[in-house]
Amino acid sequence: MIDKEVARTFDRRSALFLTAGAILTSALVLRMLQMQLFDYREYTKKSENNSFRIQINMPERGKILSSAGTPISRDTKTYRIYIVPEETKDIDAVISVVATELKLNKKRINKIYARIKKQAKFQPVLVSENSNWAELAALQAKNIPGLHVRSGFSRVYEMGPAGAQIFGYVGDPTEPVPNAPFFTTGITGLERRFNNELAGIPGQTVMITNAVGRITGEDKSQFRPAVTGGNIQTTINDVAQRTMYDALLMHKSGCGVALDIETGDILAMVSTPSFDANIFSGDDGDEYIASLRNDYMKPFMNKTIEGLYPPGSTFKIVVALAALEAGAITPNEKIHCPGYWDYGDRRYHCWEDHGHGWVTLADALKHSCDIYFYQLALRIGIDSIKEMAIKLGFTQKYMDDILSREMAGIIPDRHWKEETIGYQWVHGDTIISGIGQGFTLTNCLQLAVMMARTASNKVVMPRLILTNEKPQFANLGLQQKNINAVMQGLEQVTRKGGTAAYGAINVNGARMAGKTGTSQVRSISRAERESGVLTNEQLKWNLRNHGLFVGYAPTNNPKYAVCAITEHSGGAGPAVRTVAATMRVLLGDKKK
């Protein structure tokens, strides 16, 4: 017979278990009702996401074209090769074969093994990011188990480093796009500025997956094709661009711009040293990019608009026109140059120690006489010089809406010096400004615009994107007789005895004129002058003078304006040769 106390204890425990069971059962039923009646939309959506995997089909990116319609940047068909580890019995053997066929380096092979260890065996592992059809065909011929391929596009830069800072390059977006291994976006240059126009519209393929993520089929009803991006046509003359790049490449660092005077079209725009974005997607791409970023020569910098330089004697064109327009001098009036000029308590030197004797305006431009322009600048004052400089295109930004980091430069005056330096303007500042030194800074594009406006007497505005409309430029408003007087002097620069006589060209009767410039990047002390000024060869590279040349052609009917700047070249020689080589191409010289 069961003890009554034991029976009572058993009944209490049974009641507790039954009550707890009832509560748990009720909670479970209520949760099931909630899921089915109230949360079914959320779980249906989750179920669908687990059943389908969307693959983004990237469109072919639009082309960046030259003025002739030839591709500068374009997409090419490429293939991404994957291995699914669970589909092969010997993963080491597969990787060995693939590495041999694709010539993968040890670094890439180690990355493949690292990915295999991190993810599930049924998930694909990227082996090659940019393989061509020949490489793919060779692998497929070997019938390698577990090998999978996805097609896409990679960017090709036809000009390589010739203008890379302008055309830019594409790369991975800041935030990765799921299921879109070929997705790229414009990072710099025109690729970035016109990314929306070039990118196109992605399509999609919807893959059916099972509960663990394996692909079991495709939902063809949801397939959407990609739409190819639009093209952008530039004003760049691809032959002139390559020619200018090759010429500048013979020097350590520099930049150049060529303009069509009638339309303002930028026919060439080059900065050196440069970079080749075709290497970025290769096995050594990361190391290459790192080396570029650490390069003190700044290959990513577009020196045509970002670099600021003292214009040197090229600025004498501005001073000459300002003096003629002000009536401060006539073309035939002579000024004596004994090699120096004493003003106040300072002696100003000409680059020619023995002087140029008595010189007219044409003589002063031909021989680049500093004494002549020192005195000219003092006659008219800095305000007249600045007014003419702005009229000829200085301090303006022309590519600011297309290319980033354009620098406006400096044309100083009294207000600028007091506000920026904290000192009053003195006559010495005006004098030194007469030869493009002192505080004056400009960029290569502005100098090309100055030459184009001087040669045409029109407000030439440069453009980099080609349109169907031919620009109509307003008159600059200078007296044509003054323009002619300056151009007569510029023609003498490339003739016998001129500072650029060695750069004279003659293409079927078409000749070039222009102005040399040498801008100092250091001050020469009185002690150094007395003991002997150091030659550029005796100085460190970064202390040598910059060389400049601005030219136009043909002289009888100006069509082209070209400027080149060679950093720390010591003189204008390399710049003159760069302009001459580019001008020959523009004038139709077929000689190699």
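- Atom NE2 in His546 sits 5.5 Å away from atom CD in Glu567 (nearest 0.5 Å).
- In this structure, Tyr288 has its ring center at least 6.0 angstrom away from the ring center of Phe275.
- Centroid-to-centroid, the aromatic rings of Phe394 and Phe315 come within less than 6.0 Å.
- The CZ atom of Arg453 lies 11.0 Å from the NZ atom of Lys391; values are rounded to the nearest 0.5 Å.
- Ring to ring, Tyr157 and Phe167 are not that close: their centroids are 6.0 angstrom or more apart.
- Proximity of the aromatic rings of Trp351 and His356 is defined here by a centroid distance below 6.0 angstrom, and this criterion is met.
- Counted by atom type alone, Asn195 and Arg61 present one or more donor-acceptor pairs between their side chains at under 3.5 Å.
- For the atom pair Ile236 CD1 and Leu464 CG, the distance stands at 5.5 Å (nearest 0.5 Å).
- Ring-centre distance between Tyr560 and Tyr552: not below the 6.0 Å cut-off.
- Smallest separation of non-hydrogen atoms from Leu102 and Ser131: CD2-OG, 4.0 Å.
- Cation-pi check for Lys77 over Phe153 is met; the charged atom lies under 6.0 angstrom from the ring centroid and within 45 degrees of its normal.
- Of the inter-residue distances, the one linking Leu392 atom CG with Gln446 atom CD reads 11.5 Å to the nearest 0.5 angstrom.
- Here CE of Met583 is found 12.5 Å from CG of Asp589. Values are rounded to the nearest 0.5 Å.
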